[in-house]
Each structure stands twice: as C-alpha cells, then as structure tokens.
Asks: 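This is the structure I have questions about; it appears just below.
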Amino acid sequence: MPGTDGRVVVGPLRPFCRRELQRDPVSAARALLNALLSCSGRLVRIVEVEAYEGSKDPASHAFGGRTPRNATMFAEAGHLYVYLSYGIHHCANVVCGPAGEAGAVLLRAATPVAGLEGADVAAGRLGADRLASGPGRLCRALGITRAHDGIDLLDPGAAVRLWRDDLVPPRRALCDGRVGLSERCGDALYWPWRFVVPGAAAVSRPVPGRRARRPV
DNA sequence: TGGTAGATTGGC
DNA sequence: CCAATCTACCAG
C-alpha cells in the first residue's frame, strides 16, 4: 500500500497480537514500535512510545487508583485509552499489562503511511512527516477523540485498529526518560521508559538531563 | 467549593 | 514566554 510520501506498508496487515500487550508496559511499549494504527481511513506507523505502569508509577494516571477518566487503563490489554490533555489535546494509549492491573503505552509519534493527504488533517504549515509527531498531533491526524476511549483495538469491527506488518520492532530502540512529567514524579522522571525507532524523523526531543539516547 | 497543575501545542 | 481549556485532586 503506497503512502502519500513514498512510505509503504511492508507485506500484509494482520491484527496486532493481544498476547504481546498482556506483558508489562515496558515490553508492550517496545513491541508497539513499528506497529500500525488506523482510523477514519488513515494509516500511520508508530515510531515513539512511552510506558506507564499502574500502581507503582507516580507518572501514571492510574497511580492514585481508578477514576472516571482513567477507567479504561484497567481494561483488558489491547483497548484504547484516550484522555484530554490540558483541556485541549487528545492523547492515545494502548492498554497493556496482565488482567486486573492498570497499564498503558502512550503513543507519542507516528509516521504517515496513507490517507493523511486530506485537507481536513491540518496540513497547513506542518510538513507531512510532522502531522502525527507528538501525542496531541497524532490523535488530531487520525481523528481520535475521547469518543473512541474504551474501544478494543483488536476487534475487527472497531473504528480504531492496531496492526502489524512485516516491519518488526527495532532490535535496539533508542531509550530515555519520559517527556512532559512534572517534577513531583521524582525518581520516575529518569526511568528509561520512552522508546523511539532509530532514525525516525519528527519524534520528541529528549528532555535535557533525561537524555540517555542509548540503544537498549 | 475554589484553586491549581497537568503524559501539550502553537503563537507572540 | 504564555494562553487555551477540561479534569482530577487538594485545601479550607
């Protein structure tokens, strides 16, 4: 399937394996690199993610227990958790981890593959490769909103779906501290839980002081 | 019941 | 550097 800018899908799309997501958030995060996400007839390839654990991760929305907003983080792995950031931007997560434990992988950046050429995608002054760069822009590019919160990404009938093709996760992902956390997260600021496909354009800049940037 | 900070982004 | 704008959480 050719993209608007020369990028392509490698081999047939098949649904992402739920089992890959039922492991701990860090393993699930690594597994999601180079996976594909579709919504509204658009398709992107995930190139930057962050892992969030439930109860022991001060940066997690689920750290303080279940609330109306974070309820989906407690759902079965493979569901979509969408929250509103700063009252404006939607951010998409893939729920992960063993049943009964809250966990999620924040999708921070993706590469356009197909369907992003429409005028409705705010192509205005952002280059095509930046359309889905950043968690807020990723959702805007795909048309994901809180209305999609709680859907099963592995359900063949779902509006948002998660796919795998023949491009597997990188053997060595770039890895460093998570972006955007408040200082009160303490130690967790430096946990190397952000993962990036090496060489991917338009991913978040590492936070100064948290920039390990070493393949792990 | 009001104040504030936040897994962000774009504009001045 | 700051505003936009909604939710969760905490102080009083």
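In what follows, every chain begins at residue 1, and chains take the letters A, B, ... in the order their sequences are listed. Model, not experiment: these values are computed from the prediction.
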Asks: Strictly below 4.0 Å: does A/Arg146 bring a side-chain N or O up to OP1 or OP2 of C/dT5?
Replies: no

Asks: Pick the P atom in B/dT1 and in C/dT5, then give their distance to the nearest Å.
Replies: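 That atom pair is separated by 26 Å.
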
Asks: Hey, do the aromatic rings of A/His61 and A/Tyr83 have their centres closer than 6.0 Å?
Replies: yes

Asks: Among B/dA7, C/dC6, C/dT7, which nucleotide has an atom closest to any side-chain atom of A/Ser182?
Replies: B/dA7

Asks: Nearest whole angstrom, please: distance from the P of B/dA5 to the CZ of A/Phe63.
Replies: 19 Å

Asks: Could A/Arg108 and A/Glu50 be called an ion pair, given the rule that one side-chain N must be under 4.0 Å from one carboxylate O?
Replies: yes

Asks: For A/Asn70, report the nucleic acid contact type (base, sugar-phosphate, nothing); a contact means any heavy atom under 4.0 Å.
Replies: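 No contact.
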
Asks: Which nucleotide sits closest to the side chain of A/Thr67: B/dT8, C/dA8, B/dA7?
Replies: C/dA8

Asks: For B/dT8, does OP1 or OP2 lie under 4.0 Å from any side-chain N or O of A/Arg108?
Replies: yes

Asks: Would you say A/Asn70's side chain and A/Gly65's backbone share a donor-acceptor pair under 3.5 angstrom?
Replies: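 Pair found, side chain donor or acceptor close to backbone of A/Gly65.
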
Asks: For B/dT9, take OP1 and OP2 only and decide whether either is under 4.0 Å from a side-chain N or O of A/His89.
Replies: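 For B/dT9, neither OP1 nor OP2 has a side-chain N or O of A/His89 closer than 4.0 Å.
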
Asks: When you get a sec, tell me which of B/dT8, C/dA8, B/dA7 is the closest nucleotide to the side chain of A/Tyr86?
Replies: B/dT8

Asks: For the side chain of A/Ile88, counting heavy atoms from C-beta on, which of C/dT7, B/dA7, C/dA4 is nearest?
Replies: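 Shortest atom-to-atom distance from the side chain points to C/dA4.
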
Asks: What integer distance in Å separates A/Glu53:CD from B/dA7:P?
Replies: 16 Å

Asks: Decide, yes or no, whether a salt bridge links A/Arg164 with A/Glu20 under the criterion of side-chain N to carboxylate O below 4.0 Å.
Replies: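 A salt bridge is absent here (no side-chain N lies under 4.0 Å from a carboxylate O).
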
Asks: Nearest to the A/Arg137 side chain among B/dT8, B/dG10, C/dA8, which nucleotide is it?
Replies: B/dG10

Asks: Of the listed nucleotides (C/dA8, C/dC6, B/dA7), which one gets closest to any side-chain atom of A/Pro68?
Replies: C/dA8

Asks: Would you say A/Tyr83 stacks on B/dA7, if stacking means ring centres under 5.5 Å apart and planes within less than 30 degrees?
Replies: no

Asks: What would the secondary structure line of DNA chain C be in dot-bracket form, counting Watson-Crick and G-U wobble pairs under 3.5 Å, with [ ] for pairs that cross earlier ones and | for pairs with another strand?
Replies: ||||.||||||.

Asks: Between A/Arg161 and A/Asp152, does any side-chain N to carboxylate O distance fall below 4.0 Å?
Replies: no

Asks: Taking only Lys NZ, Arg NE, NH1 and NH2, and the carboxylate oxygens of Asp or Glu, determine whether A/Asp166 and A/Arg14 approach each other closer than 4.0 Å.
Replies: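 Between A/Arg14 and A/Asp166 there is a salt bridge, with a charged N closer than 4.0 Å to a carboxylate O.
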
Asks: Which heavy atom in A/Pro112 sits nearest to a heavy atom in A/Asp129, and how many Å separate them?
Replies: CD-CA, 4.2 Å

